[in-house]
Amino acid sequence: MTEAVLPRDEPVDDGALLSLAYGAVELSRAAAENAEFERCRFDRTVLAGSALPRVRFSDVAFDGCDLANVRWDDAQLANVTVAQSRMTGARLTEGWLRDVVVEGCRANLAAFRFGRLQNVVFRDCDLSEADFQNAGFKGVRFEGCRLVSAQFAHATMDGVRFSGCDLFGVRGVEGFRGAVVSSADAPGLVYALAAAMGIAIED
């Protein structure tokens, strides 16, 4: 893997960047369509606010990065790990995530609307108020995540599991049809289920 050098190794329209190691560099102004990163590593890289529609990441690792408010609509992520990174307000609408692990990340207010998520693991993440509306899940696991007020309206869940999660106030609870929720997590769904059925709960 070669050390990335800027501006030479900044993303450009329809460009491919291969086997590069990005350190603590600033890429927040990156703006390119159909860029591709393959076998790359990002370590403490600042990508906050970058606009990379239809970007493709394959065999890529993000570690300790700032991905807040990225605009990566229609992105493709395959064999990707995101660890200990800031993803507040990240926008990956209509994206395709396959074989992805997101661990120890602050991803509150992140948007995955209309996305396709297959074999994805969210572990020990803050996903409060995240938006999964109309997302299609297959073989996805949420482990030890905070999902307070997250939106799941019209989601479809196939083989999705929740364990050790805070589900208080989730919205669009009908989107949980087909999911497996641990008994310890189930009480967090009570108010959402009651509201969906028109039941008022009094103290």
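Quick note: numbers below take in every heavy atom, side chains included, and nothing from hydrogens, waters or symmetry partners.
- In the hydrophobic clustering of this structure, Val46 does not group with Phe42; members are Ile, Leu, Val, Met, Phe, Trp, Tyr whose side-chain heavy atoms approach within less than 4.5 Å, directly or through other members.
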Show the numbers, then the answer: is there a side chain to side chain contact (heavy atoms under 4.5 Å, CB included) between Phe176 and Val160? CA-CA 9 Å; Phe176 273 66; Val160 179; over 6 Å; no
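- Counting only distance, with no hydrogens or angles, the side chain of Ser85 and the backbone of Val82 share no donor-acceptor pair below 3.5 Å.
- Here the side chain of Asp13 pairs a donor or acceptor atom with the backbone of Glu33 at under 3.5 angstrom.
- Residue Cys40 holds its SG atom at 8.0 Å from CD of Glu38, rounded to the nearest 0.5 Å.
- Hydrophobic clustering, with ILVMFWY side chains joined whenever heavy atoms are under 4.5 angstrom apart, keeps Val181 apart from Val121.
- A donor-acceptor pair is defined here as one N or O able to donate and one able to accept, closer than 3.5 Å; such a pair exists between the side chain of Asp66 and the backbone of Ala68.
- With ring centers used as reference points, Phe62 lies 6.0 Å or more from Phe37.
- Put simply, CZ on Arg116 and CG on Asn134 are 14.0 Å apart, with the number rounded to the nearest 0.5 Å.
- Ring geometry, Phe112 versus Phe132: the interplanar angle falls under 30°, so the pair is classed parallel (tilted spans 30 to 60°).
- A distance-only check finds no donor-acceptor pair linking the side chain of Arg44 to the backbone of Gly23 [under 3.5 Å].
- Judged by distance alone, the side chain of Ser50 and the main-chain N or O of Ser28 form no donor-acceptor pair under 3.5 Å.
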Show the numbers, then the answer: is there a side-chain hydrogen bond (donor to acceptor under 3.5 Å, both in side chains) between Arg113 and Thr93? CA-CA 5 Å; Arg113 291 186 304 148; Thr93 56; 5.5 Å; no
Check the pair Asn79 / Ser58 against side-chain hydrogen bond (donor to acceptor under 3.5 Å, both in side chains), numbers first and verdict last. CA-CA 6 Å; Asn79 299 314; Ser58 57; over 6 Å; no
